Amino acid sequence: MKAQIKTSKKRITMASLYLGIGPLEQELVNTLEETLKCPDSSELQVSILLDYTRGSRGRKNSRTMLLPLLHRFPDNVRVSLFHTPHLRGLLRLLVPERFNETIGLQHMKIYLFDDNIILSGANLSDSYFTNRQDRYVLFQGCSELADFFSDLVGAVSEASLQLQPDDTVQVEEGMEHPYQGDKTKYCEAASKKVMGVIEDARRRQYEHRSTKFQNERSASDMEPPDTWVYPLVQMKPFGIQIDELVTETLLTEAERGDQLYLTTGYFNLTQEYMDLLLGTRADYNILLAAPEVNGFFGAKGIAGAIPAAYVHIEHQFYSEVCRHGQEMRVKLREYHRDLWTFHAKGLWFYSAGADLPCLTLVGSPNFGYRSVHRDLEAQIALVTENKELQQQLHKEQQQLYNLSNAVSPATFQHPSRYVKLWVKLVTPLIKNFF
């Protein structure tokens, strides 16, 4: 990322849940500052989108990390903080810091440098730069894809609160306030902005295909494309559910013999996704975090019980698989790596009889209730016939799954999988919030 920042000339766009406050994150901010100071960077525009609640947590936080950039380069730097419209009124006053993040978040992870773009599930934090397993795909020189995600982040930024050099926030001119204004009006306005970006991209693609078709008719020696990228956006608070519909279609259309490798750092599938997994004929290999590599393992207070809650959810799902006699078709594996945590999410699709995947999903969604209903998410479906790229994706999948162990009934007999009674009782009540 630092190398990409240093070579950027026109735009840097970053969307993340938060920016950490450690030395590695400071290095990233320093690299932005050094690049903006360069004489040939006068046209460079830096846009950073974070979540308001997560980015404001603690006295030193994402906001305070970025204030020096706003002070020094007010014409070149924009920091936007998305505040969910669902956290308002008494709820906003009563729910304490950290717990208020359960209501809804900006969860997209998009890192864009001119026409290069990294799509990931990782946040801008030291653990992701060191020992937190995630996925990263870099697209180089893809102007259309970069334009789309730049416009998408721009649309959400316009619907967000703007950080000022004095650490206050202001609503964008002409925009409804996310938690003080009318909720319906705000959501409609935000939806219009985001759908405008999606519709413009569709129109441009249609025009591009029409032009290309005409050119190909006159130049038959042109090589046809072998890889396609489909951006998928999920923003249920704004009534946008493209990613959900595509994921459900993918799970529904999977046929006998197809193999799907699905991974998530937080295994908490929606009921709809679970029903599809249990009701279709394809083979599923699901990779999830062992409790020891869950990001909440060892946390203080109630958060420390979250890994146990995920164990309980995993056990319930595994029992359901066994009850349906599907354990040979739907297999669970737990990722484990000493001194690492696990945050990877996505899917690899292998057609029946194929040794290599033809499709992968890469981005921010975890396939859980939050991803579908509460948070702002974005990922891509990458479809390819390119053997070299297929081999890279296959290698990525294998490297993750090779660090895992198969789940069996004995897994839940281990002392580390013991779940206290109060966690079992509370989990059904709170599972839609984490």
Side-chain angles (χ1 to χ4, degrees), residues 11-22 25-26 28-33 35-37 44-108 110 123-125 150 152-190 193-194 235 237-238 374-376:
R11 63 182 174 188
I12 295 172
T13 300
M14 297 186 186
S16 183
L17 174 62
Y18 68 103
L19 170 71
I21 57 173
E25 297 92 318
Q26 189 60 57
L28 201 66
V29 175
N30 293 346
T31 306
L32 283 169
E33 184 176 1
T35 304
L36 285 162
K37 280 195 301 190
L44 179 62
Q45 293 296 313
V46 176
S47 177
I48 299 172
L49 171 66
L50 306 172
D51 183 73
Y52 179 94
T53 53
R54 182 62 183 87
S56 303
R57 188 205 290 180
R59 187 169 293 178
K60 187 179 181 184
N61 52 43
S62 305
R63 293 163 63 159
T64 58
M65 290 286 287
L66 295 168
L67 286 176
L69 291 182
L70 282 175
H71 274 287
R72 187 157 187 183
F73 310 101
D75 298 328
N76 300 80
V77 177
R78 176 193 200 183
V79 178
S80 306
L81 302 167
F82 173 79
H83 191 294
T84 178
H86 297 314
L87 182 65
R88 53 175 50 231
L90 268 180
L91 185 67
R92 189 173 189 275
L93 289 171
L94 296 175
V95 179
E97 193 176 81
R98 189 161 186 165
F99 290 93
N100 57 10
E101 297 163 26
T102 62
I103 307 302
L105 297 166
Q106 189 307 104
H107 200 246
M108 298 186 292
I110 298 161
N123 295 303
L124 297 173
S125 178
S150 177
L152 178 67
V153 174
V156 176
S157 296
E158 287 175 13
S160 301
L161 299 169
Q162 307 305 310
L163 184 63
Q164 304 302 306
D166 63 354
D167 200 22
T168 60
V169 292
Q170 290 181 8
V171 70
E172 189 85 348
E173 191 175 342
M175 186 67 198
E176 194 77 15
H177 198 285
Y179 65 86
Q180 292 176 351
D182 184 276
K183 183 177 174 181
T184 303
K185 283 183 182 176
Y186 169 79
C187 290
E188 286 175 354
K193 287 180 183 293
V194 174
M235 299 180 180
F238 305 155
R374 294 187 180 278
D375 299 341
L376 307 191

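Just so we're clear, the structure is a prediction, and the values are computed from it rather than from any experiment.
When all heavy atoms are compared, the tightest approach of Thr31 to Thr35 is O-OG1, 2.8 Å. Shown here for Thr84 and Gly104, the closest heavy-atom pair between the two residues is CG2-O, 3.5 Å. Of all non-hydrogen atoms in Ser160 and Leu49, the two that sit nearest each other are OG-CD1, 3.7 Å. Counting all heavy atoms, side chain and backbone alike, Leu19 lies closest to Leu50 at N-CD2, 4.1 Å. Closest non-hydrogen pair, Leu124 versus Glu25, comes out as O-CG, 3.6 Å. In this structure, Lys60 and Ile21 approach most closely via the heavy-atom pair NZ-O, 3.6 Å.
In this view, Glu101 and Arg57 satisfy the salt bridge (charged side-chain N to carboxylate O under 4.0 Å, His left out) rule, not counting sequence neighbours. Qualifying ring pair (Phe, Tyr, Trp, His ring centres under 6.0 Å) partners for Tyr52, counting only residues two or more places apart in sequence or in other chains: His83.
The shortest distance between side-chain heavy atoms of Val46 and Leu69 does not fall below 4.5 Å. Ser80 is not listed as a side-chain neighbour of Val156, based on a closest heavy-atom distance of 4.5 Å or more. A heavy-atom distance below 4.5 Å is not found between the side chains of Val194 and Leu376. Counting heavy atoms from C-beta on, the side chains of Tyr179 and His177 come closer than 4.5 Å. No side-chain heavy atom of Asn61 sits less than 4.5 Å from a side-chain heavy atom of Arg54.
Distance check, rounded to the nearest 0.5 Å: CZ of Arg374 to CG of Leu105 gives 10.0 Å. Taking CZ of Arg78 as the reference point, atom CG of Leu163 lies at 12.0 Å (rounded to 0.5 Å). In this structure, CG in Leu66 is found 10.5 Å from CG in Asp167, a value given to the nearest 0.5 Å. Atoms OG1 and CG, on Thr168 and Leu161 in that order, are 10.5 Å from each other to the nearest 0.5 Å. Put simply, CG on Leu91 and NE2 on His86 are 11.0 Å apart, with the number rounded to the nearest 0.5 Å. Rounded to the nearest 0.5 Å, atoms CZ (Arg92) and OG1 (Thr53) are 9.5 Å apart.
No donor-acceptor contact under 3.5 angstrom links the side chains of Arg11 and Ser47, judged on distance only.
Under a 3.5 Å cut-off, the side chain of Ser157 and the backbone N or O of Val153 do form a donor-acceptor pair. Counting only distance, with no hydrogens or angles, the side chain of Asp51 and the backbone of Leu17 share no donor-acceptor pair below 3.5 Å. Remark: the backbone N or O of Ser16 is paired with a side-chain donor or acceptor of Gln106 at under 3.5 angstrom. With hydrogens and angles ignored, the 3.5 Å screen pairs no side-chain donor or acceptor of Gln180 with any backbone N or O of Arg88.
For Lys193 and Glu158, the salt-bridge test passes: some basic side-chain N is under 4.0 Å from an acidic carboxylate O.
Here ring pair (Phe, Tyr, Trp, His ring centres under 6.0 Å) pairs that include residues 53-73, with residues two or more places apart or in two chains, number zero.
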Exercise. What's the verdict on side chain to side chain contact (heavy atoms under 4.5 Å, CB included) for Leu36 and Arg72, showing C-alpha distance, side-chain angles and the deciding distance?
Worked result: CA-CA 9 Å; Leu36 285 162; Arg72 187 157 187 183; over 6 Å; no
